[in-house]
Asks: 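One structure, as structure tokens, below. Some questions next.
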Protein chains: 2
Amino acid sequence: MKKFEEKTISEEKIFEGRVISLFYQQVELPNGKTSTREIVKHPGAVAIIPVTDEGKIVLVDQYRKPMERVLLEIPAGKLEKGEEPLRTAIRELEEETGYEAAEWNHIQSFYTSPGFADEYIHIYLATGLRKKENSASLDEDEFVEVRELSLEECLSELQKGAIHDAKTCFAIQYLQLKK
Amino acid sequence: MKKFEEKTISEEKIFEGRVISLFYQQVELPNGKTSTREIVKHPGAVAIIPVTDEGKIVLVDQYRKPMERVLLEIPAGKLEKGEEPLRTAIRELEEETGYEAAEWNHIQSFYTSPGFADEYIHIYLATGLRKKENSASLDEDEFVEVRELSLEECLSELQKGAIHDAKTCFAIQYLQLKK
């Protein structure tokens with residue numbers, strides 16, 4: 001038995017959407033009691049820390065419907081079915097910012113909300129940036145505004161309480177440590 | 001109009017659970033086209049970076065049903081309805097680790113998965129730790145194992161690919177920067 005394993009007694013698929021699915025499970029706990037689990041399945045995602053030759057970090061302002069507000073974030077996107085994460089990252093960087101990168105480095109992968117969702121996000125550092133001539137346009141239903149900030153400007157935004165996104169906080173710390 | 005606002009045309013509540021709710025929306029995009037949004041509502045959460053006087057970080061191994069595996073994480077928990085986040089943090093630290101802290105500092109708050117969920121997590125640094133004599137027992141349906149690691153041991157776990165949780169990666173970088 002895996003440590004603390006929770007055995008699935010029954011599972012009901014509540015919803016299958018374009019992006020996520022929702023499952024409702026009855027589980028048996030390690031102490032033999034039963035409980036329920038509400039589980040969101042997500043295809044996984046990538047996020048990119050794009051740094052220009054001048055040391056600017058390329059971020060995007062993006063409207064996020066769950067909280068009905070614009071968040072300042074590093075570029076990110078969902079994996080297409082069967083897509084290799086690096087390929088998603090290359091595509092999303094171009095679609096959201098118009099940049100392509102000469103160098104890609106995988107930094108870290110992590111679950112964003114392990115209590116209720118299986119979303120797993122792969123973080124890449126992208127350097128050697130250059131604007132693509134005919135860059136692929138954005139997703140039809142995605143609207144973002146690109147902002148290029150120095151690390152000091154990012155830290156100032158953070159200080160002001162203007163950054164509210166987990167992966168972006170992680171990215172800023174990463175660049176601070178790398179300095 | 002807020003920048004890039006997506007207006008809700010219609011909203012259907014698909015599910016209301018013990019922890020999360022799921023909504024399906026039709027929205028009008030800034031370009032006038034329509035799309036759909038799948039949105040998880042979450043009560044919000046706290047996570048604690050507990051550091052002992054000896055400089056050990058108090059972590060927990062916890063089985064996470066969405067990915068059917070044990071993750072090594074900093075202690076965390078959901079907000080009860082109307083509960084002030086610091087109170088949740090004090091309670092969760094005691095329930096999960098048996099520690100109480102003399103000093104609490106709010107470090108950062110962020111959305112964990114802004115693309116599909118509104119979960120907002122408040123991160124606290126807890127120091128001046130001491131074991132409580134009669135600490136409150138764990139949630140009935142929560143099983144965790146406490147592990148106390150030095151920062152160097154945390155970095156080594158990270159290096160080995162043994163840490164897969166976003167808030168824990170954030171916490172480790174935070175402590176590296178603080179050193």
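As a basis for the values below, the full set of heavy atoms in this structure was taken, side chains included, without hydrogen atoms, waters or symmetry mates. In what follows, every chain begins at residue 1, and chains take the letters A, B, ... in the order their sequences are listed.
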Asks: Which atom pair, heavy atoms only, marks the closest approach of B/Phe116 to A/Pro66?
Replies: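 Minimum heavy-atom contact is C-CG, 3.8 Å.
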
Asks: So, the side chain of A/Gln173 versus the backbone of B/Gln173: is there a donor-acceptor pair under 3.5 Å, distance only?
Replies: no

Asks: Using non-hydrogen atoms only, which part of B/Ile121 is less than 4.5 Å away from chain A: side chain, backbone, both, or neither?
Replies: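 It is neither, since no heavy atom gets under 4.5 Å.
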
Asks: Please classify the contact of A/Thr34 with chain B as side chain, backbone, both or neither, using a heavy-atom distance under 4.5 Å.
Replies: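 Interface part for A/Thr34: neither.
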
Asks: When only pairs under 4.5 Å are counted, which of B/Val19, B/Leu177, B/Asp118 shares the most heavy-atom pairs with chain A?
Replies: B/Leu177

Asks: Test side-chain contact (heavy atoms from CB on, under 4.5 Å) on B/Asn31 and A/Phe143 and set out the steps.
Replies: CA-CA 9 Å; B/Asn31 64 3; A/Phe143 299 82; 3.5 Å; yes

Asks: Mark yes when over 12 heavy atoms from residues, nucleotides or ligands other than A/Glu84 sit less than 6.0 Å from its CD; otherwise mark no.
Replies: yes

Asks: Is it possible for you to say whether B/Leu129 and B/Val146 belong to one hydrophobic cluster, with membership spreading through side-chain heavy-atom contacts below 4.5 Å?
Replies: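 Yes, it is one cluster - the side chains of B/Leu129 and B/Val146 are joined through contacts under 4.5 Å.
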
Asks: Rounded to the nearest 0.5 Å, how far does CD of A/Glu119 lie from CE of B/Met67?
Replies: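 Nearest 0.5 Å value for the CE-CD distance: 9.5 Å.
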
Asks: Grouping I, L, V, M, F, W and Y whenever their side-chain heavy atoms are under 4.5 Å apart, do B/Ile57 and B/Ile163 come out in a common cluster?
Replies: yes

Asks: Quick one: does B/Arg69's side chain get under 4.5 Å of A/Pro114's, heavy atoms only?
Replies: no

Asks: When heavy-atom pairs shorter than 4.5 Å are enumerated against chain B, which of A/Glu38, A/His164, A/Arg64 gives the highest number?
Replies: A/Glu38

Asks: Measuring heavy-atom distances to chain A, does B/Gln25 have an atom under 4.5 Å in its side chain, in its backbone, in both, or in neither?
Replies: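 For B/Gln25, side-chain heavy atoms alone lie under 4.5 Å from chain A.
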
Asks: Walk me through it: do A/Gln62 and B/Phe4 pass the test side-chain contact (heavy atoms from CB on, under 4.5 Å)?
Replies: CA-CA 7 Å; A/Gln62 181 165 12; B/Phe4 309 136; over 6 Å; no

Asks: Would you mind checking which part of A/Ile123 comes under 4.5 Å of any heavy atom in chain B, side chain (CB onward), backbone (N, CA, C, O), both or neither?
Replies: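 A/Ile123 has no heavy atom closer than 4.5 Å to chain B.
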
Asks: May I ask you to list the residues in residues 44-55 of chain A that approach chain B closer than 4.5 angstrom, counting heavy atoms only, ordered by number?
Replies: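 At a heavy-atom separation under 4.5 Å, chain B is reached by no residue of residues 44-55 of chain A.
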
Asks: Relative to chain A, which of B/Gly77, B/Ser109, B/Ser113, B/Gly17 shows the most heavy atom pairs under 4.5 Å?
Replies: B/Ser113

Asks: Tell me, for B/Gln108 versus chain A, whether the close heavy atoms (under 4.5 Å) come from the side chain, the backbone, both or neither.
Replies: side chain

Asks: Does B/Tyr111 reach the side chain of A/Glu73, with side-chain heavy atoms less than 4.5 Å apart?
Replies: no

Asks: Where on B/Phe23 is there a heavy atom nearer than 4.5 Å to chain A: the side chain, the backbone, both, or neither?
Replies: neither

Asks: Between A/Arg18 and B/Thr36, what is the shortest heavy-atom contact and its length?
Replies: NH2-O, 2.7 Å

Asks: Hey, are the side chains of B/Ile14 and A/Leu22 touching, using non-hydrogen atoms and a 4.5 Å cut-off?
Replies: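 Contact flag for B/Ile14/A/Leu22 side chains = no.
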
Asks: Looking at CD of A/Glu6 and NZ of B/Lys65, how far apart are the two atoms once the value is rounded to the nearest 0.5 Å?
Replies: 6.5 Å

Asks: Name, in order of residue number, those residues of residues 149-158 of chain B that have a heavy atom at a distance of less than 4.5 Å from a heavy atom in chain A; otherwise write 'none'.
Replies: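 Those residues of residues 149-158 of chain B which have a heavy atom under 4.5 Å from chain A are B/Leu158.
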
Asks: Is chain A contacted by the side chain of B/Leu71, its backbone, both, or neither, given a heavy-atom distance below 4.5 Å?
Replies: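 For B/Leu71, side-chain heavy atoms alone lie under 4.5 Å from chain A.
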
Asks: Is it true that, when you exclude A/Gln176 itself, more than 12 heavy atoms of the residues, nucleotides or ligands shown sit nearer than 6.0 Å to its CD?
Replies: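 Check passes, neighbour count above 12.
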
Asks: Side-chain heavy atoms nearer than 4.5 Å, only ILVMFWY residues, links allowed to pass through others: does that put A/Ile107 and B/Phe110 together?
Replies: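 No, because A/Ile107 and B/Phe110 fall into different hydrophobic clusters, even though each may have its own neighbours under 4.5 Å.
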
Asks: How about B/Phe15 and A/Phe15: do any of their side-chain heavy atoms sit closer than 4.5 Å?
Replies: no

